[in-house]
Amino acid sequence: ALPVIYAITPTYNRPVQKAELTRLGNTFRQVPRFHWIIVEDSNMRTELVARFLARSGMPYTHLNIFTPRRFKRTGMPRATEQRNTALSWLRSHRSRKDVGVVFFADDDNTYSLELFEEMRSTRGVSVWPVGLVSGRQYERPVVEKGKVVGWYTGWRPDRPFAIDMAGFAVNLQVVLGSPRAVFKRRGSQPGMQESDFLKQITKVGDLEPKANNCTRVLVWHTRTEKVNLGNEPKHRQDSVVIEV
Ligand code: UDP
Ligand code: MN
């Protein structure tokens, strides 16, 4: 059977949340052997997300953990606790027998279906380009003779792994076999989450380039504009209560 793709999506309540999840679900639903791990940044699993997942028609796991308030400041890495909660879930619910690939899928990015077929053959850690990130059209691992030898990036090329969260996948057995590998808060500089994590599980020379030796963009670091709710009435005017 095909390896299962475990996509880890941190998500938080805001006006566009359900729209983002709907867009993502419409993509992910088309991927065979796919398991969606949604981790809400919230004190509890909300009705909105629970109902959404129940109706999505795909295999999922619904988790939650609230980011401590002291970590919710600009310039601080986002969704560290949520990604780690998903990793813990995998470590306690999956075993040596399970064949899979783990991928970090933020809720606002744009994913092509081809990306999932590329990452499915990940034996250790695989990498590929990401569009619309680092102040450039794309960022990508530079590949020579099938090996990653450097990074094409517009931002901090000194990073040990100059790659976005959407630019790599990890074999499930690597996640299970490195039980202490986590996303760090302590000692982590902004933008170093990916490097800090990847350092714990691989070396640059061992990375597996995908997407035609990292020459195709199959995922985009899109960001959704903040919604204008300036005309919302102060008190409810409509006769019905609608989930948006
Ligand atoms: N996120 C979260 N809690 C927050 C902010 C963000 O769980 O307080 C999630 C968000 O839903 C997304 C991921 O963390 O899946 C990355 O956040 P964002 O897309 O805002 O980061 P950026 O695009 O700036 O890297
Ligand atoms: Mn984003």
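Along the sequence shown, residues are numbered consecutively beginning with 1. Any value given below was found using the heavy atoms of this structure, including those in side chains, with hydrogens, waters and symmetry copies removed. For ligands, and for the atoms within them, numbers begin at 1 and follow the listed sequence.
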- Could you tell me which residues satisfy side chain to side chain contact (heavy atoms under 4.5 Å, CB included) with Thr202, sequence neighbours excluded, listed by chain and number?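 For Thr202, the residues satisfying side chain to side chain contact (heavy atoms under 4.5 Å, CB included) (neighbours in sequence not counted) are Val125, Phe161, Leu198, Asp206, Leu207.
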
- With Thr122 via side chain to side chain donor-acceptor pair (under 3.5 Å) - residues at least two apart: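 Side chain to side chain donor-acceptor pair (under 3.5 Å) check on Thr122 returns Ser126.
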
- Task: Apply ring-ring contact (aromatic ring centres under 6.0 Å, His included) to Phe103 and Tyr111, showing your working.
- Result: CA-CA 12 Å; Phe103 171 59; Tyr111 305 92; 5.8 Å; yes

- May I ask you to decide if Arg180's main-chain N or O and Ser178's side chain share a donor-acceptor pair within less than 3.5 Å?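 Not at all, since once roles are kept as given, no pair shorter than 3.5 Å links the two residues.
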
- Query: Who are the residue neighbours of ligand 1 when the rule is a heavy atom under 4.0 Å from any of its atoms?
  - Reply: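 Residues within 4.0 Å of ligand 1: Pro10, Thr11, Tyr12, Arg14, Asp41, Lys72, Arg78, Ala79, Asp106, Asp107, Asp108, His221, Arg223.
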
- Side chains of Arg94 and Tyr6: do they bring a donor and an acceptor to under 3.5 Å?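 A pair is found: one side chain offers a donor N or O, the other an acceptor, under 3.5 Å apart.
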
- Task: Would you sort out whether His35 and Trp89 count as a ring-ring contact (aromatic ring centres under 6.0 Å, His included), showing the intermediate values?
- Result: CA-CA 13 Å; His35 183 121; Trp89 184 87; 5.6 Å; yes

- Is the Phe28 ring parallel, tilted or perpendicular to the Phe116 ring (thresholds 30°, 60°)?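 Rings of Phe28 and Phe116: perpendicular, over 60°.
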
- Counting only protein atoms, how many N/O/S atoms are less than 2.8 Å away from the Mn ion (ligand 2)?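 Atoms of protein N, O or S type lying less than 2.8 Å from the Mn ion (ligand 2) total 2.
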
- Row check, Tyr152 ring normal vs Arg136 NZ/CZ: under 6.0 Å, within 45°: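 Cation-pi check for Arg136 and Tyr152: passes.
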
- Just checking, Arg185 and Phe71: is the charged tip under 6.0 Å from the six-membered ring centre and within 45° of the axis?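 Cation-pi check for Arg185 and Phe71: passes.
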
